[in-house]
Engineer: 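Mind having a look at this structure? Questions to follow.
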Amino acid sequence: MKKRFISAILAAVFTSTALSGCSASVKSKNLTDGIKPGAVPVYSNFDESQQAAVADFAAKLVKNTKSENGNIVISPISVLYALAMTANGADGETLAQMEAVFGMDMETLNNYLHSTVSLLPSDEGYTLDIANSLWITDDEGKFVVNDDFLRIVKSYYDAGVFTADFADKQTLKDINSWVTYKTNGQIQNILDKIDPDAVMYLINALNFEADWDYEYYESDVNNGIFTKADGRTQDAEFMYMEEHSYIEDEDTTGFIKYYKDGKYAFAALLPDEDIKIEDYVNSLDGEKITNLLNGKTYQDVETKIPKFETTYNVEMSEIFKNLGMTDAFDYRVADFSKMGPAQVEGENICINRIIHKAFIRVAEKGTQAGAATVVEMVAEGAMAIKEQPKCVYLDRPFVYMIIDTQNNLPLFMGTVCEIE
């Protein structure tokens with residue numbers, strides 16, 4: 001019978017410290033202090049090729065992600081974190097295919113993620129906090145992790161490392177408690193069980209919460225009509241305000257609305273009325289997104305945003321296979337030797353599933369958002385000028401992003417095709 005050794009790599013959305021805030025309830029053994037990280041420099045500037053690569057990665061995910069009602073929300077940076085941590089355990093053609101999907105080699109990506117996150121601002125009124133942890137089975141008869149892999153994860157991702165009895169129900173509670181704590185309660189019970197053959201969980205937690213720079217008052221909110229993708233209409237609450245960062249190209253009008261202190265922003269992209277939302281999403285790539293964001297002009301623009309809330313779940317394995325990352329899912333050719341070997345002869349580690357869950361709420365005061373990405377590894381055997389104000393009313397399907405304004409890093413990206 002084929003045995004399966006499962007290791008999961010989770011990226012959740014919310015908070016920055018390693019486990020300190022909930023350590024009183026966690027029984028797993030903390031090995032963090034025993035792992036000495038290497039010295040990793042922090043770079044303050046990356047060229048436009050890295051910005052375009054991350055934007056292109058985000059566009060690939062959005063255009064390959066579907067839902068029944070058209071509403072999606074994903075965190076490209078969450079998915080990128082999860083897969084980047086995974087790729088540090090990959091080698092050979094498996095690694096080459098993953099780097100091709102990322103649009104950069106692992107040395108560049110490690111430095112990009114480490115440096116960008118190190119420099120992301122956080123202050124009263126807005127926060128983007130990131131935490132990482134690695135959970136390893138204490139049964140060395142199943143799996144032994146490579147020390148070099150641990151040092152890389154610790155050095156670039158500042159991961160806490162824990163070892164636990166995966167057969168003990170307390171370990172499931174520990175992992176779920178950690179994720180819930182780090183996501184400020186937005187992501188609960190990320191794992192329904194720990195498989196008897198599980199060997200590793202790597203968790204990235206990222207939390208975004210921000211107040212608008214100019215929040216909406218009661219007088220700025222009115223009822224209106226939202227026209228869905230299929231042409232039907234529904235009642236919605238809209239928030240009205242004049243903004244001053246306008247974006248457009250040959251098939252897009254949009255605007256940027258800033259959060260407190262201007263370090264983060266909500267970017268809205270409204271396709272022309274004669275363009276279907278699915279066709280517009282399919283036209284997106286890194287160059288188009290980068291040009292839109294970098295080409296913003298200072299111009300008065302009358303805006304209205306519907307209040308909305310979206311929770312979205314998707315399994316991404318087929319998406320990444322279609323993007324060319326095939327070897328990582330095939331136990332016969334996958335090479336994750338840098339992560340550590342399975343301890344049963346004839347078995348090999350590969351990715352089984354990539355599960356992503358994200359949440360966003362946009363309202364008068366600001367935005368809350370969260371996400372989780374699970375990469376499940378298995379070891380398988382042989383089986384401008386002042387003008388009249390522009391108007392951009394988001395009363396029909398649109399695309400949105402939450403970005404950091406220094407690098408235009410797409411923290412979240414999604415579509416709204418109906419109001420939930």
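In what follows, every heavy atom counts, from backbone to side chain, and hydrogens, waters and symmetry copies are set aside.
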Engineer: Is the backbone of Glu287 close enough, under 3.5 Å, to the side chain of Asp285 for a donor and an acceptor to pair up by distance?
Structural biologist: yes
Engineer: Ignoring hydrogens and geometry beyond distance, is a side-chain donor-acceptor pair present between Thr180 and Trp178 at under 3.5 Å?
Structural biologist: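 Their side chains do not contain a donor-acceptor pair, so the 3.5 Å distance test is not met.
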Engineer: Kindly give the heavy-atom pair with the smallest separation between Tyr400 and Thr415, and that separation in Å.
Structural biologist: CE2-N, 3.7 Å
Engineer: If you look at every heavy atom in Gly340 and Phe143, which pair is closest and at what distance?
Structural biologist: O-CE1, 3.4 Å
Engineer: Looking at residues at least two apart in the chain, or sitting in another chain, which of them share a side-chain contact (heavy atoms from CB on, under 4.5 Å) with Glu315?
Structural biologist: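 Once residues adjacent in sequence are excluded, the partners of Glu315 under the side-chain contact (heavy atoms from CB on, under 4.5 Å) criterion are Ser317, Arg353, Ile354, Ile355.
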Engineer: Between Thr367 and Tyr259, do the side chains contain a donor N or O and an acceptor N or O under 3.5 Å apart?
Structural biologist: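 Yes, side-chain donor-acceptor contact under 3.5 Å.
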Engineer: Is the ring pair Phe208/Phe412 parallel, tilted or perpendicular, if the boundaries are 30 and 60 degrees?
Structural biologist: tilted
Engineer: Could you pull out all residues at least two apart from Glu68 that satisfy side-chain contact (heavy atoms from CB on, under 4.5 Å)?
Structural biologist: none
Engineer: Using the side-chain hydrogen bond (donor to acceptor under 3.5 Å, both in side chains) criterion, which residues pair with Tyr126? Sequence neighbours excluded.
Structural biologist: Asp261
Engineer: Less than 4.5 Å apart, any side-chain heavy atom of Ile72 and any of Val62?
Structural biologist: yes
Engineer: Please tell me whether Asp105 and Thr108 have a donor and an acceptor in their side chains that are separated by less than 3.5 angstrom.
Structural biologist: yes
Engineer: For Asn408 and Asn294, test the side chains for any donor-to-acceptor distance below 3.5 angstrom and give the result as yes or no.
Structural biologist: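 Yes - a donor-acceptor pair under 3.5 Å links their side chains.
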Engineer: What donor-acceptor contacts under 3.5 angstrom involve side-chain atoms of residues 272-281, with partners at least two apart or in another chain?
Structural biologist:
{"unit_1": "Tyr280", "atom_1": "OH", "unit_2": "Thr252", "atom_2": "OG1", "d": "2.7"}

Engineer: For a quick test of reading the model, state the closest non-hydrogen atom pair linking Ile351 to Met325 and the distance between them.
Structural biologist: CD1-CE, 4.2 Å
Engineer: Do any side-chain atoms of residues 212-223 form donor-acceptor pairs under 3.5 angstrom with protein atoms, and if so which ones, sequence neighbours left out?
Structural biologist:
{"unit_1": "Trp212", "atom_1": "NE1", "unit_2": "Ala363", "atom_2": "O", "d": "2.8"}
{"unit_1": "Trp212", "atom_1": "NE1", "unit_2": "Glu364", "atom_2": "O", "d": "3.4"}
{"unit_1": "Asp220", "atom_1": "OD2", "unit_2": "Tyr217", "atom_2": "N", "d": "2.9"}

Engineer: Could you work out, with salt bridge (Lys or Arg N to Asp or Glu O under 4.0 Å) as the rule, every residue matching Asp56, not counting sequence neighbours?
Structural biologist: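 Listed in chain order: Lys60.
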